[in-house]
Engineer: 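Starting off with a structure, shown below.
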Amino acid sequence: MALKKIDFKLIAMAIALIFFIILPFINGTMYWQRLIMSLFLFIPVVIGCTIMARMGALHAAQGAFMSIGAYTVAILTKNYGMNFWLVLLISIVVTGIIAMCVGFPALRVTGPYFVFMTWGLNQLVMSIWIKAETISNGVRGIDNIPRPSNIGGISFNSPTAIYYLGLVLMVVCTIILFILYKSHFGLAMSSIGQNHILSESLGINVMAVKVKAFVTVSIVASVMGGYFAIMQTYITPSDFGVWNSFNYVIFSIVGGIGSFVGAIYSSVVLTFFPIAMQYIPGWNPFYKPIVYGIFVLFVVMVYPRGIVGLVENAGKGIERIFTRNKKLVTDDIKSK
Amino acid sequence: MLDMIGQASINSLVIAMSLFLVAAGLSLVYGILLIINFSHGEIFMMGSYMFWLVSTQLGLHPALAVVGAILFSMLLSGLIQIGPFNRIKKEPSMGFIVALGLVYVLQTVAQIAFGLDSKTVQSFPGFTEAIKIGNIAIGGQRFLIIIVGVVVLIGLNLFMKYHRWGKGMQALVQNPEAAELQGISVFKGSLYAMLIGGALAGLAGGLIAPISYIDAFIGSSFVLKAFAAIIIGGLGSFTGTIVGCLIWGFVEGFTGTFLDSTIGFIIMYIFVIVLIIFKPNGIMGRKVE
């Protein structure tokens with residue numbers, strides 16, 4: 001019976017975290033570290049999409065907010081020699097203001113209108129980065145972005161240090177979003193997703209909840225964008241294009257609609273799926289979108305519980321193996 | 001200067017009309033299915049490819065190629081309606097997700113079937129010469145687009161007003177449940193809307209292909225602009241849609257001529273934001289939930 005009390009999700013998360021911490025010691029190759037770093041990047045961004053999807057709003061501008069963070073870091077640290085940590089704070093403020101300016105009108109409308117507003121924003125931000133050649137260097141992007149300066153004796157010159165910085169940022173952002181998701185505030189968001197008129201009549205300030213969630217999610221995306229800039233050390237507008245944003249939206253749905261853990265699972269899939277597919281003979285990276293499309297069609301039409309449903313079913317299966325004997329006994333008693 | 005303004009107006013009109021050919025189908029489908037059929041742009045793209053296939057590879061007359069494009073787009077559109085769209089509840093967000101999935105699938109299918117390089121096609125025979133009015137010139141193909149756009153606008157309005165299913169679709173837009181009680185089948189209405197939308201997308205694909213190029217990604221930017229035009233004009237009226245298209249076309253045309261088309265996009269985005277704050281139902285639309 002004690003087995004039932006064990007939370008498999010928690011164990012899996014702990015194992016994953018320990019694995020991430022010891023990875024640089026057991027495997028020194030850059031390849032795996034880079035892969036895991038992009039996983040760190042995806043997790044908070046996809047969770048952001050999930051949180052918005054829980055309110056019934058599909059946030060298709062995560063790429064735009066990531067690019068705002070990344071370009072702020074790149075331009076201010078490279079051209080003006082400012083401190084990375086200060087710039088990260090500046091980018092948080094800038095993103096907050098932009099998200100609020102867009103959020104207030106965009107969140108007044110629901111459904112497709114909101115998708116349009118965020119999609120348009122992403123297109124707009126991209127075209128600004130492409131056209132404003134004097135500051136953003138156009139489609140060529142910005143390279144040689146400096147590493148962050150030392151903080152309290154910790155140097156960020158080695159790739160391993162950047163890796164750990166990513167781990168810390170990912171964990172902090174995920175915990176912030178988890179608190180947002182689980183709190184009273186998160187329950188309010190869930191009720192808005194189910195029926196926003198009814199929630200308003202229950203005394204929830206729908207607009208305030210929506211805007212606060214949108215701003216938080218966008219700021220997290222921008223921080224991860226800033227991390228992306230120093231992780232890659234070069235950025236181009238195409239890193240944050242509309243299709244990237246749509247990928248995040250799609251994977252927030254594939255993970256399980258409105259499920260926090262599902263977003264983490266689907267980030268793992270989003271990171272490792274292209275790698276795994278390379279081993280299929282005749283595979284071409286151009287085929288990737290068709291598989292994503294089939295994933296999302298399958299989830300929406302056939303299996304709405306998504307990846308999280310699959311994992312839960314598998315978890316129940318494992319649990320059944322452990323508790324099989326007991327179950328047989330109880331079945332015996334029942335049959336008698 | 002006056003000539004430049006005249007030229008810019010003509011260019012804007014062409015942009016507006018080609019946008020309208022895409023937006024009309026999108027607006028019709030949105031009104032009834034409550035789905036932004038994001039894959040509408042991909043149906044348009046497939047129509048363009050069909051036009052290219054029939055006119056250049058088979059060497060048939062472009063008019064036949066347009067018919068081929070229309071039929072293929074209708075088939076595709078009908079399949080999408082019978083398959084995915086029919087299976088989901090009328091939830092706008094889920095509809096968008098399904099359409100997005102279809103976009104991914106169709107774009108990749110187009111890339112696999114037709115290759116990665118972009119294709120070009122010739123103008124229709126008889127419309128290759130530019131027409132000159134004073135100092136203002138307009139390409140024959142562009143002139144054809146304007147004419148077809150006006151015909152489609154009038155035709156759709158007449159259809160909605162006088163045809164049995166046109167009236168039925170209006171009823172479905174206003175109140176699906178009451179319409180169903182009156183014997184109007186939601187399934188048939190949605191199917192007809194998708195078929196008409198598909199036909200318009202195929203027509204647009206065939207007409208716009210000669211003045212542009214064809215590749216797997218031409219659809220999505222059209223859908224973004226077309227949807228903006230629908231928001232500006234207001235849902236549920238083709239007059240509103242054409243007004244939205246004209247506003248978008250003129251802003252894009254004039255900023256493209258005198259400044260930079262990116263500035264036009266910024267202006268339009270801010271315009272849509274302001275419009276949503278003060279007039280959420282668009283310039284000519286009625287109240288929608």
Side-chain angles (χ1 to χ4, degrees), chain A residues 52-53 55-58 60 101-117 119-132 193 197 242-243 246-247 249-250 252-254 257 284-302 304, chain B residues 30 34-39 83-89 91-112 116 216-217 220-221 223-225 227-228 230-231 235 260-266 268-270 272-278 280-281 288-289:
Chain A
M52 293 306 286
M55 290 195 298
L58 300 173
C101 292
V102 177
F104 267 110
L107 289 160
R108 283 164 63 100
V109 289
T110 52
Y113 283 77
F114 180 74
V115 179
F116 165 76
M117 297 304 289
W119 174 15
L121 177 73
N122 205 324
Q123 200 84 303
L124 183 76
V125 172
M126 277 318 99
S127 48
I128 290 174
W129 295 136
I130 290 171
K131 290 284 172 177
I197 298 168
V242 175
W243 296 105
F246 283 144
N247 278 351
V249 172
I250 276 196
S252 73
I253 300 290
V254 168
I257 299 160
N284 187 326
F286 286 116
Y287 300 167
K288 207 167 65 180
I290 199 170
V291 184
Y292 289 0
I294 290 169
F295 269 176
V296 75
L297 287 178
F298 182 78
V299 166
V300 173
M301 285 161 50
V302 186
Chain B
Y30 184 79
L34 294 181
I35 292 171
I36 332 178
N37 186 6
F38 187 18
S39 58
F85 283 179
N86 202 25
R87 294 186 62 128
I88 50 165
K89 294 265 158 47
E91 251 180 279
S93 305
M94 286 304 106
F96 180 79
I97 290 283
V98 168
L100 190 59
L102 287 170
V103 167
Y104 276 70
V105 172
L106 287 174
Q107 279 183 352
T108 319
V109 167
Q111 281 184 340
I112 294 170
L116 300 172
F217 304 103
S220 57
S221 67
V223 171
L224 180 64
K225 290 177 193 171
F227 193 65
I230 293 172
I231 291 178
L235 282 168
D260 190 308
S261 55
T262 309
I263 296 169
F265 193 85
I266 296 171
M268 286 315 289
Y269 188 75
I270 293 167
V272 172
I273 283 190
V274 173
L275 193 77
I276 282 185
I277 294 173
F278 292 107
N281 301 319
V288 280
E289 191 51 50

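Quantities reported herein were computed from a predicted structural model and do not represent experimental measurements. To find a chain, count down the sequence lines: A is the first, B the second, and so on, and within it residues start at 1. Just the heavy atoms: all of them, side chains too, but no hydrogens, waters or symmetry mates, feed the values below.
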Engineer: Please name the pair of heavy atoms, one in A/P105 and one in B/I276, separated by the smallest distance, quoted to 0.1 Å.
Structural biologist: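 Scanning both residues, the minimum pair turns out to be O-CG2, 3.7 Å.
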Engineer: Closest approach of A/P289 and B/T108, non-hydrogen atoms and distance?
Structural biologist: CB-OG1, 3.5 Å
Engineer: Could you tell me the separation between the CE atom of A/M117 and the CZ atom of B/F227, rounded to the nearest 0.5 Å?
Structural biologist: 10.5 Å
Engineer: Please classify the contact between B/I263 and chain A as side chain, backbone, both or neither, with a heavy-atom cut-off of under 4.5 Å.
Structural biologist: neither
Engineer: Count the heavy-atom pairs under 4.5 Å between each of A/L121, A/V300, A/V296 and chain B, then report the option with the highest count.
Structural biologist: A/L121
Engineer: For the NZ atom of A/K131 and the CZ atom of B/F265, what is their distance to the nearest 0.5 Å?
Structural biologist: 12.5 Å
Engineer: Using heavy-atom distances under 4.5 Å, tell me whether A/I250 contacts chain B through its side chain, its backbone, both, or neither.
Structural biologist: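 A/I250 touches chain B through side-chain heavy atoms alone.
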Engineer: Is A/I257 in contact with chain B via its backbone, its side chain, both, or neither, using a 4.5 Å heavy-atom distance?
Structural biologist: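 Side chain only.
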Engineer: If we only count heavy atoms from C-beta on, is the A/W119 to B/F38 side-chain gap below 4.5 Å?
Structural biologist: yes
Engineer: Using non-hydrogen atoms and a 4.5 Å limit, figure out which bit of A/I253 sits close to chain B: side chain, backbone, both or neither.
Structural biologist: side chain
Engineer: Here's a test for you: under ring-ring contact (aromatic ring centres under 6.0 Å, His included), which of A/F246, A/F295, A/W243 qualifies with B/Y104?
Structural biologist: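 Exactly one option meets the ring-ring contact (aromatic ring centres under 6.0 Å, His included) with B/Y104, and it is A/W243.
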Engineer: Can you tell me how far apart CD1 (B/I270) and SG (A/C101) are? Round to the nearest 0.5 Å.
Structural biologist: 10.5 Å
Engineer: Using 0.5 Å steps for rounding, measure from the OG1 atom of B/T262 to the CH2 atom of A/W129.
Structural biologist: 13.5 Å
Engineer: Taking side chain as everything from C-beta outward and backbone as N, CA, C, O, which of these in B/Y269 sits under 4.5 Å from a heavy atom of chain A? Side chain, backbone, both or neither.
Structural biologist: side chain
Engineer: Is chain A contacted by the side chain of B/I112, its backbone, both, or neither, given a heavy-atom distance below 4.5 Å?
Structural biologist: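 Only the side chain of B/I112 comes within 4.5 Å of chain A.
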Engineer: With chain B as the partner, which of A/Y287, A/F298, A/Y292 has the greatest number of non-hydrogen pairs under 4.5 Å?
Structural biologist: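 So the answer, after comparing A/Y287, A/F298, A/Y292, is A/Y287.
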Engineer: I need the residue from B/V98, B/L100, B/V274, B/V272 with the largest number of non-hydrogen atom pairs under 4.5 Å to chain A.
Structural biologist: B/L100
Engineer: Which heavy atom of B/I266 sits nearest to which heavy atom of A/I128, and what is that distance?
Structural biologist: CD1-CG1, 4.1 Å
Engineer: Taking every non-hydrogen pair under 4.5 Å, which of A/V102, A/I290, A/V249 racks up the most with chain B?
Structural biologist: A/I290
Engineer: For A/F104, is the CZ atom crowded, meaning more than 12 foreign heavy atoms sit under 6.0 Å from it?
Structural biologist: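 No, not enclosed.
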